2 protein chains.
Amino acid sequence: MDENEKLELCESECIHEDIVRFVQAKLQPAGDYEELANLLKLFGDPTRVKLLHALEQHEMCVCDLAALLGVTKSAVSHQLKLLRMSNLVKSRRKGQNVFYNLADDHVRQIIDKGFEHLWE
Amino acid sequence: MDENEKLELCESECIHEDIVRFVQAKLQPAGDYEELANLLKLFGDPTRVKLLHALEQHEMCVCDLAALLGVTKSAVSHQLKLLRMSNLVKSRRKGQNVFYNLADDHVRQIIDKGFEHLWE
DNA sequence: TTAATAGTTGAACAACTGCTCAACTACTCA
DNA sequence: TGAGTAGTTGAGCAGTTGTTCAACTATTAA
């Protein structure tokens with residue numbers, strides 16, 4: 001179903017067609033919102049967002065993070081895997097430890113904007 | 001259980017205590033991460049993030065959004081309620097229509113950072 | 001006042017998510 | 001090599017979430 005069909009099939013009749021078409025033209029392809037949601041979803045869990053904020057402060061190994069967050073190493077490792085798959089964190093092994101770091105500065109920026117919204 | 005107890009009770013023994021305490025001191029109170037996660041969670045659904053990105057382009061009524069997203073007015077209204085409760089959107093009634101707008105610029109900034117991360 | 005359209009709400013359900021547990025691999029040191 | 005610690009993984013589950021449906025309220029126009 002293309003975008004025009006969606007407009008026609010809609011249950012409603014109050015649609016401001018000119019505006020809807022204007023906005024439609026500015027939106028990204030549907031798949032982009034899927035990807036974006038899958039990325040931003042990772043910030044939507046208290047454990048994960050605390051974990052990310054912690055890694056903003058200093059690189060840490062899985063044990064450190066588990067202690068800091070008060071959850072098992074397994075739980076941390078599961079979350080880190082998701083974050084790694086979305087390129088939010090990167091890891092480096094040093095002996096028995098695997099140290100985790102933020103992959104780039106976007107994490108910090110998103111978390112900062114979130115806190116700004118809450119605090120302002 | 002305070003933060004020191006968490007450290008002591010942890011199953012692991014490899015903890016880098018100095019680093020963990022250093023990071024601990026920089027973290028926010030636990031409740032802040034709950035709030036932050038509840039906020040950012042709203043960006044973690046394709047329908048909602050598309051809706052927000054659409055409102056970035058122009059204010060729209062519920063019918064317009066339903067047509068644009070290809071979902072029912074009910075679904076849109078449920079989502080808008082969540083977004084309103086978190087001060088991400090605001091509404092104004094004009095006759096039979098209720099027009100929705102972004103409440104401030106944080107939405108745009110968070111979505112932009114998300115797309116940046118995906119595209120860079 | 002009545003009919004019509006816009007929008008909201010609560011219940012119910014299917015799909016998803018984050019945790020724990022147990023079993024596994026990886027590395028180190030004696 | 002073998003024991004010990006760090007980390008990963010998959011299954012299973014309890015709790016959560018996004019949608020639809022049906023019933024409701026709000027506003028307008030005749």
Side-chain angles (χ1 to χ4, degrees), chain A residues 9-17 19-20 33-34 37-52 59-86 89-101, chain B residues 9-17 19-20 33-34 37-52 59-86 89-101:
Chain A
L9 287 171
C10 177
E11 51 175 326
S12 308
E13 287 128 39
C14 75
I15 299 165
H16 305 84
E17 281 202 31
I19 293 178
V20 173
Y33 296 103
E34 291 282 344
N38 282 334
L39 174 71
L40 295 176
K41 191 178 293 182
L42 295 170
F43 295 82
D45 172 72
T47 302
R48 263 191 319 253
V49 81
K50 186 172 180 182
L51 192 159
L52 289 169
E59 78 167 2
M60 275 178 285
C61 70
V62 177
C63 276
D64 293 342
L65 289 164
L68 194 58
L69 303 177
V71 297
T72 61
K73 287 183 294 181
S74 174
V76 170
S77 185
H78 277 297
Q79 302 294 15
L80 286 169
K81 185 179 187 180
L82 295 177
L83 298 173
R84 228 183 315 118
M85 288 193 306
S86 288
V89 305
K90 60 191 179 200
S91 62
R92 96 190 146 81
R93 184 175 272 278
K94 186 176 182 186
Q96 278 174 296
N97 289 302
V98 177
F99 288 94
Y100 281 86
N101 271 287
Chain B
L9 287 171
C10 177
E11 50 175 328
S12 308
E13 287 127 40
C14 75
I15 299 167
H16 306 83
E17 282 200 29
I19 293 178
V20 173
Y33 296 103
E34 292 280 346
N38 282 333
L39 175 70
L40 295 176
K41 189 179 295 183
L42 295 171
F43 295 82
D45 172 73
T47 301
R48 262 189 320 253
V49 81
K50 187 172 179 183
L51 192 160
L52 290 169
E59 80 167 1
M60 276 178 285
C61 69
V62 177
C63 275
D64 291 342
L65 289 164
L68 194 59
L69 303 176
V71 298
T72 61
K73 288 183 294 181
S74 173
V76 170
S77 185
H78 276 299
Q79 302 294 15
L80 285 169
K81 185 179 188 180
L82 296 176
L83 298 173
R84 228 182 317 119
M85 290 191 307
S86 287
V89 304
K90 61 189 178 202
S91 62
R92 96 190 146 82
R93 184 176 272 277
K94 186 177 181 186
Q96 277 173 296
N97 290 117
V98 178
F99 287 94
Y100 280 87
N101 272 286

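Only a predicted model underlies this, so the values are computations on that prediction, with no experimental measurement involved. We name chains A, B, ... by the order of the sequence lines, and we start the count at 1 in each one.
- In this structure, A:L51 and A:L83 have side chains that are in contact, with non-hydrogen atoms separated by less than 4.5 Å.
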Whether each nucleotide of nucleotides 18-24 of chain C has a protein heavy atom under 4.0 Å at its base (B), only at its sugar-phosphate (S) or at neither (-) is summarised, 5' to 3', as SSBBB--

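- B:D45 places a side-chain N or O within 3.5 Å of a backbone atom of B:T47 that can act as its donor or acceptor partner.
- For the pair B:R93 CZ and C:dG7 C1', the computed distance is 7 Å after rounding to whole Å.
- At a cut-off of 3.5 angstrom, the base of C:dT28 holds no donor-acceptor pair with the side chain of A:Q96.
- Dashed line: the shortest gap from a side-chain N or O of B:N97 to OP1 or OP2 of C:dG7 is under 4.0 Å.
- Contacts of A:Y100 with the nucleic acid, taken as non-hydrogen atoms under 4.0 Å apart, involve only primed sugar atoms and P, OP1 or OP2.
- One atom, CZ of B:R84, and another, P of C:dG7, lie 12 Å apart when rounded to the nearest Å.
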Would you please test B:L82 and B:R48 for side chain to side chain contact (heavy atoms under 4.5 Å, CB included) and show each step? CA-CA 10 Å; B:L82 296 176; B:R48 262 189 320 253; 3.8 Å; yes

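- In terms of modelled atom types and a separation under 3.5 Å, the side chain of B:R84 and the main chain of B:Y100 share no donor-acceptor contact.
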Should B:N97 and A:H16 be marked as a side chain to side chain contact (heavy atoms under 4.5 Å, CB included) after you check the CA-CA gap, both sets of side-chain angles, and the distance that decides it? CA-CA 11 Å; B:N97 290 117; A:H16 305 84; 3.9 Å; yes

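- Of the side-chain N and O atoms in A:K81, one or more sit less than 4.0 angstrom from OP1 or OP2 of D:dT9.
- Atom NZ in B:K73 sits roughly 15 Å away from atom P in D:dA22 (whole-Å rounding).
- At whole-Å resolution of the value, CE in A:M85 and P in D:dT8 are 13 Å apart.
- The distance between atom CG of B:D64 and atom P of C:dT5, rounded to the nearest whole Å, is 17 Å.
- Distance B:E34 CD to D:dT16 P: 11 Å, rounded to the nearest Å.
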Starting from the C-alpha separation in whole Å, work towards a yes-or-no answer on side chain to side chain contact (heavy atoms under 4.5 Å, CB included) for A:V76 and A:V71. CA-CA 7 Å; A:V76 170; A:V71 297; 3.6 Å; yes

